[in-house]
Amino acid sequence: MTPPSPQQQRAVIVRTLAEALAVLDAAGEAGVAVTLLSPPGAAGTLGAGFWQALIAAAAEERPDARFAALLDCGPWPGFALAALRQGVKTLVFTGNPETLARLRGIAERQGATILEQAPPALDPAAGRNKPADLRVWLAGERPANR
């Protein structure tokens, strides 16, 4: 896995390994890097351990894929701290700015990055034609009906 910055490419929300692999395959065909983004607040629902296992499995299945991974912790500092302890290197925290500043200090010491909002992302689960929507999104356009 080559980890480009999450702000430098299109983001796609993934919930399963099958979804992640489909996104990585489409990004590879398009010749672009992609950010695999967890659903909003996934640090609390899926957990940091599940997210890391999903990302590790995707990287193992697609070793040449160019992607970043971003775990959304929502506004909950406890989930963000747990994700950092688990070794997550890039996450989103949408809580108050003072807490964000403290979390960023902790993250910096661990070589991690915290974004204050998730990048714009395609959620393939919301579309009717997932493969076509994904190709259009990765090409830098907005899918129909979005």
Side-chain angles (χ1 to χ4, degrees), residues 1-97 99-100 103-104 106-107 110-146:
M1 170 177 83
T2 303
S5 166
Q7 293 106 335
Q8 294 175 337
Q9 70 269 324
R10 294 292 195 157
V12 181
I13 295 173
V14 298
R15 295 166 181 82
T16 66
L17 178 58
E19 289 176 351
L21 296 176
V23 170
L24 295 178
D25 289 343
E29 290 171 16
V32 297
V34 67
T35 293
L36 300 180
L37 175 63
S38 74
T45 55
L46 299 175
F50 173 84
W51 181 250
Q52 283 190 293
L54 186 152
I55 296 306
E60 184 175 317
E61 290 284 325
R62 303 295 187 270
D64 296 331
R66 296 182 304 132
F67 72 98
L70 188 54
L71 175 62
D72 192 314
C73 298
W76 301 287
F79 293 135
L81 284 170
L84 290 169
R85 277 194 301 272
Q86 189 79 26
V88 174
K89 292 298 183 191
T90 313
L91 53 94
V92 175
F93 174 74
T94 58
N96 76 58
T99 303
L100 174 62
L103 287 170
R104 280 185 169 155
I106 295 166
Q110 297 180 13
T113 302
I114 300 179
L115 305 178
E116 60 187 288
Q117 66 182 15
L122 174 71
D123 186 350
R128 287 184 286 185
N129 189 341
K130 295 174 189 178
D133 287 350
L134 187 54
R135 282 192 303 274
V136 169
W137 179 251
L138 292 173
E141 300 171 21
R142 180 172 224 118
N145 302 319
R146 298 281 169 161

* **Min side-chain heavy-atom separation C73-V92 under 4.5 Å** => no

* Under 3.5 Å, side chain of R66 to main-chain N/O of G31, donor-acceptor pair present? -> yes

* Contact summary for L134 and A26, nearest pair of heavy atoms -> CD2-CB, 3.5 Å

* Asked: Between the side chain of W76 and the main-chain N/O of A43, is any donor-acceptor distance below 3.5 Å?
  -> no

* Asked: Are F93 and T99 close enough that some pair of their side-chain heavy atoms sits under 4.5 Å apart?
  -> yes

* **Candidates I13, L122, V12 - the one meeting side-chain contact (heavy atoms from CB on, under 4.5 Å) with V23** => V12

* Asked: So, do L91 and L115 sit near enough that their side-chain heavy atoms are less than 4.5 Å apart?
  -> no

* Do the non-hydrogen side-chain atoms of P39 and L46 ever get within less than 4.5 Å of each other? -> yes

* Asked: Could you go step by step and tell me if L100 and I114 meet the side-chain contact (heavy atoms from CB on, under 4.5 Å) rule?
  -> CA-CA 8 Å; L100 174 62; I114 300 179; 3.6 Å; yes

* Structure fact -> Nearest heavy-atom approach of E61 to L21 is CB-CD2, 3.6 Å

* Asked: Is there a donor-acceptor pair under 3.5 Å between the side chain of T90 and the backbone N or O of L70?
  -> no

* Structure fact -> Partner of R10 under side-chain contact (heavy atoms from CB on, under 4.5 Å), picked from L138, L37, T35, is L138

* Flag yes if more than 12 heavy atoms outside Q86 fall under 6.0 Å of its CD atom; otherwise flag no. => yes

* What are the two closest heavy atoms between P75 and P77, and how far apart are they? -> O-CD, 3.2 Å

* Do W51 and I55 pass the side-chain contact (heavy atoms from CB on, under 4.5 Å) test, and can you show the C-alpha distance, the side-chain angles, and the key distance before you say yes or no? -> CA-CA 6 Å; W51 181 250; I55 296 306; 3.7 Å; yes

* **Spacing of R104 atom CZ and L84 atom CG [to the nearest 0.5 Å]** => 12.0 Å

* Asked: Which heavy atom of A58 sits nearest a heavy atom of L24, and at what distance?
  -> CB-CD1, 3.9 Å

* **Euclidean distance, D123 CG relative to K130 NZ, rounded to 0.5 Å** => 9.0 Å

* Test item: K89 side-chain N/O and Q110 main-chain N/O as donor-acceptor pair under 3.5 Å -> yes

* To do: Could you tell me the separation between the CZ atom of R15 and the CG atom of L54, rounded to the nearest 0.5 Å?
  => 11.5 Å

* **Listed once per pair and sorted, the side chain to side chain donor-acceptor pair (under 3.5 Å) pairs that draw on residues 17-26, sequence neighbours left out** => D25-R62

* Structure fact -> On a heavy-atom basis, the closest approach of V88 and A48 is CG2-CB, 4.1 Å

* Measure the spacing between CD of Q117 and CG of D72 and express it to the nearest 0.5 Å. => 11.0 Å

